[in-house]
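What follows is one structure encoded as structure tokens, with my remarks underneath.
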Amino acid sequence: MRNLLPLISSHPGGRSALTCRFRCGDACFQEIPNTSDNEYAGDIIARAVSRRSMMRAAAVVTVAAAAGTAALTGPNAPQAEAAALAGHGHKPTPPHKPAPSGARGLRFSPVAPNKNDKVTVPDGYNQNVVIRWGEPILRGAPAFNPEKQTAKAQAGQFGYNNDFLSLLPLRGERGRQVLVANHEYTDEILMFRGYDPANPTREQVEIAWAAHGLSVVVVQEESRTGKLGAVSRHPLNRRLTATSEFRVTGPAAGSDLLRTSADRTGSRVLGTLNNCAGGTTPWGTTLHGEENFNQYFANGTTAEHKRYGIGTGATERKWERFDRRFDLAKEPNEANRFGWVVELDPYDPDSTPRKRTALGRFKHEAAEPRLTSDGRPVVYMGDDERFDYLYKFVSSKRMKKGTSRAAREHNLTLLDEGTLYVAKLTGDSPAAEIDGSGKLPNDGEFDGSGVWIPLATGTTSHVPGMTADEVYVYTRLAGDKVGATKMDRPEDVEPSPRTGRVYVALTNNTDRGKEGKAPADEANPRNLNKHGQILELAENWDDPTSDGFAWRLFLVAGDPNDPSTYFAGFPKDRVSPISCPDNVAFDDHGNLWISTDGNQLGSHDGLFGVATHGDRRGELKQFLTVPAGAETCGPVIQDRRVLVAVQHPGEVDGASVEKPASTWPDGPGKIVRPSVVAVWRKDGRDIGV
């Protein structure tokens with residue numbers, strides 16, 4: 001047996017201190033915002049009357065619906081449970097009969113863990129940098145010059161620290177697609193030579209404002225390869241920044257809680273901040289989650305500010321010195337205008353993006369929709385904070401098909417009306433079997449059932465003591481009140497387009513099990529959880545509007561030689577090591593692709609593919625690694641191409657413009673630049689087949 005891989009960095013999640021400082025405002029070193037006395041799943045498990053009855057009931061209704069029968073009972077219930085989470089048309093089969101070539105879509109030689117200062121891809125694959133920070137995309141924008149940066153130039157150039165990516169079709173322009181990218185945050189130490197964190201200049205601050213936000217840029221593929229390149233100055237190209245105008249829509253629009261001295265209507269906001277992951281809608285728009293927005297606001301004064309992680313003093317970037325809206329002592333409601341899901345129409349460069357209040361306000365990692373059988377969108381969302389919650393939104397409106405103006409206008413209202421829910425999970429094993437070590441309980445799986453607790457529908461609150469406006473603006477407090485389950489940093493949440501199963505990336509939580517903190521439970525089974533896990537959820541009757549679900553842990557990450565790891569039952573000597581799952585996506589074969597953030601196993605972060613069904617379910621292979629200090633973000637998996645956003649390369653403690661820790665992507669003597677990378681097979685065939 002191989003030795004356990006070495007751990008590196010005692011920093012939470014394996015990130016550098018520099019990344020924690022600029023990306024999330026050192027959230028892991030702050031007091032945990034959730035101080036509610038909500039029960040943990042482990043507490044609930046201990047009182048369960050029947051160990052497996054709830055899980056079996058959820059599984060039975062799922063299978064019965066899929067089969068068109070009334071129900072399955074008695075001795076067939078365990079088989080029904082397995083089938084419910086195995087996917088449509090896939091019978092549960094032993095995982096130990098692998099086909100020689102591997103799961104379809106994952107037939108490549110896995111990349112070994114490494115510390116290469118480059119993007120490392122499998123043998124037989126090639127790559128190119130699609131676009132870098134600072135490349136001009138708008139008319140009139142100059143070429144990037146790191147020694148002569150200006151806010152005006154940056155507002156026309158590709159932004160910093162690309163995260164979520166979406167590639168959309170572009171009709172009528174052969175070989176072209178529309179790339180949409182989030183720009184999560186700025187690291188001024190790596191952007192500006194001689195940067196003084198205690199005394200940033202106005203120009204540096206305004207450049208940072210312009211480097212945040214979103215980019216829309218048309219890309220052109222090279223016909224003989226998978227190479228992509230940006231089409232500068234295309235009419236659809238667009239930049240949205242921290243000073244662009246956004247509309248507030250939905251039930252909380254106009255609320256007193258959203259009004260400021262600059263916006264008496266509570267319906268117009270300048271900017272979008274800390275856009276992490278997102279989603280692509282069936283009607284052709286993109287969704288963008290505002291995540292660690294709290295770090296931009298100084299002088300928090302209220303209990304609500306504290307619950308959202310807003311500090312009582314100055315901020316790292318000192319923006320409050322240059323715009324009073326970032327000083328909550330002067331504008332206490334300004335922070336309430338961030339932490340939403342933003343919807344963007346990338347096909348209309350004149351449209352105003354909208355912040356959708358019906359989806360709630362918290363640290364949105366992502367928002368990925370699926371449609372009900374009658375065409376209503378359901379959006380799954382995670383709140384990326386230690387011990388915070390999992391949510392979903394069910395629209396009351398049906399999507400209209402087609403691309404007519406009337407259809408598009410209607411579909412741009414779908415996320416404004418519906419019901420917002422939060423999840424409560426229950427395990428099916430006795431609490432004594434969940435000891436915090438990650439050891440499987442006696443039934444062989446971490447699994448259970450759950451309920452979706454309604455929080456608000458339109459202007460109606462379902463939370464005693466809170467108005468609907470308060471539920472939407474202070475969604476975390478609503479989750480506290482109804483007893484939602486505290487999770488290990490729920491980040492990206494994606495429904496499988498093939499099976500409808502929902503996969504939740506729980507990145508890590510090194511505070512789990514510490515004195516005075518939540519102990520391990522069946523959904524979060526390891527104390528001092530450094531590596532994270534992925535939860536698989538099956539809605540009752542396979543109906544995304546259901547108020548109940550079955551769940552189990554699909555993957556418990558870490559070194560395969562560690563007894564606490566689990567790969568859906570697949571042999572652990574045939575999988576790649578993985579740590580800290582973050583963004584996820586699906587390919588057309590039903591495989592889940594996982595990007596990582598903060599690898600704790602002595603290797604750089606990377607992108608992995610894992611089979612979710614069939615006899616190779618749980619087979620996980622590493623597809624690429626990223627350069628020193630970087631995080632893998634925004635995976636897009638097409639038939640013949642994979643895109644990743646290489647975020648914060650060179651963000652290593654002690655690094656600066658003068659002392660770079662990476663030479664990627666342009667080599668020695670060049671400034672380190674976050675970039676988007678495309679990967680394809682050299683022979684032009686589909687990925688992994």
Side-chain angles (χ1 to χ4, degrees), residues 18 21-26 132-138 140-162 182-215 238-246 260-263 268-275 290 292-300 310-335 337-338 648 651 655-658 671-674:
L18 192 62
R21 178 177 162 190
F22 282 94
R23 181 181 181 183
C24 58
D26 275 332
R132 299 162 172 80
W133 163 49
E135 290 190 20
I137 62 174
L138 302 186
F144 179 65
N145 184 340
E147 305 300 333
K148 296 181 179 180
Q149 298 183 63
T150 68
K152 181 179 180 181
Q154 177 65 85
Q157 298 166 336
F158 193 69
Y160 198 77
N161 268 343
N162 32 225
N182 281 359
H183 300 293
E184 186 174 4
Y185 71 100
T186 50
D187 185 335
E188 286 77 356
I189 289 176
L190 299 183
M191 294 172 66
F192 305 118
R193 188 179 299 278
Y195 180 71
D196 180 0
N199 294 289
T201 67
R202 173 170 284 278
E203 185 71 18
Q204 289 170 335
V205 167
E206 292 184 352
I207 291 169
W209 290 345
H212 278 73
L214 316 172
S215 287
R238 192 175 186 189
R239 279 300 324 282
L240 286 307
T241 73
T243 58
S244 301
E245 185 174 286
F246 290 74
T260 66
S261 63
D263 173 30
R268 298 278 176 176
V269 176
L270 291 183
T272 184
L273 296 172
N274 213 262
N275 301 94
E290 296 183 317
N292 293 298
F293 65 91
N294 57 297
Q295 65 175 304
Y296 301 94
F297 294 95
N299 303 320
I310 296 170
T312 58
T315 65
E316 168 68 41
R317 294 175 177 83
K318 311 296 189 295
W319 288 4
E320 64 273 18
R321 296 181 184 177
F322 304 95
D323 189 334
R324 61 174 282 136
R325 68 190 178 112
F326 296 107
D327 186 345
L328 298 184
K330 299 175 181 177
E331 292 289 352
N333 281 350
E334 185 67 27
R337 293 144 67 85
F338 296 85
H648 59 77
E651 198 167 60
S656 65
V657 172
E658 295 82 1
I671 195 168
V672 179
R673 298 166 74 179

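Across all their heavy atoms, M191 and I671 have their closest contact at O-CD1, 3.9 Å. Shown here for H212 and Y296, the closest heavy-atom pair between the two residues is NE2-OH, 3.0 Å. Across Y160 and P674, no two heavy atoms sit closer than the pair CE1-CD, 3.7 Å. Heavy-atom minimum distance, T243 versus W209: CG2-CE3, 4.0 Å. Nearest heavy atom pair, residue R268 against residue R337, reads O-NH2, 2.7 Å. Between T241 and A210, the shortest heavy-atom contact is CG2-O, 3.6 Å.
Using modelled atom types, one side-chain atom of E658 and one backbone atom of G194 make a donor-acceptor pair closer than 3.5 Å. In terms of modelled atom types and a separation under 3.5 Å, the side chain of R325 and the main chain of T260 share no donor-acceptor contact. Between the side chain of N182 and the main chain of E184, no donor-acceptor pair closer than 3.5 Å is present.
Proximity of F326 to V205: side-chain heavy atoms (C-beta onward) are nowhere separated by under 4.5 Å. Residues Y185 and N292 fail the side-chain proximity criterion, which asks for heavy atoms closer than 4.5 Å. Side-chain contact check for R193 versus E147: some heavy-atom pair is nearer than 4.5 Å. Proximity of N299 to T312: side-chain heavy atoms (C-beta onward) are nowhere separated by under 4.5 Å. You'll find the side chain of I207 reaches within 4.5 Å of the side chain of F192, heavy atoms only. Within the 4.5 Å cutoff, no side-chain heavy atoms of Y195 are placed close to those of L190. Using a 4.5 Å heavy-atom threshold, the side chains of N199 and Q204 count as separate. Side-chain atoms of E206 and F322, non-hydrogen and from C-beta on, never get closer than 4.5 Å to each other.
Between H183 and F158, the ring planes lie perpendicular to each other; the angle is over 60°, past the 30° to 60° tilted range.
E203 and T201 share no side-chain donor-acceptor pair at under 3.5 Å.
Shown are R238, Q157, E135, R239; of these, the side chain to side chain donor-acceptor pair (under 3.5 Å) with S215 is made only by R239.
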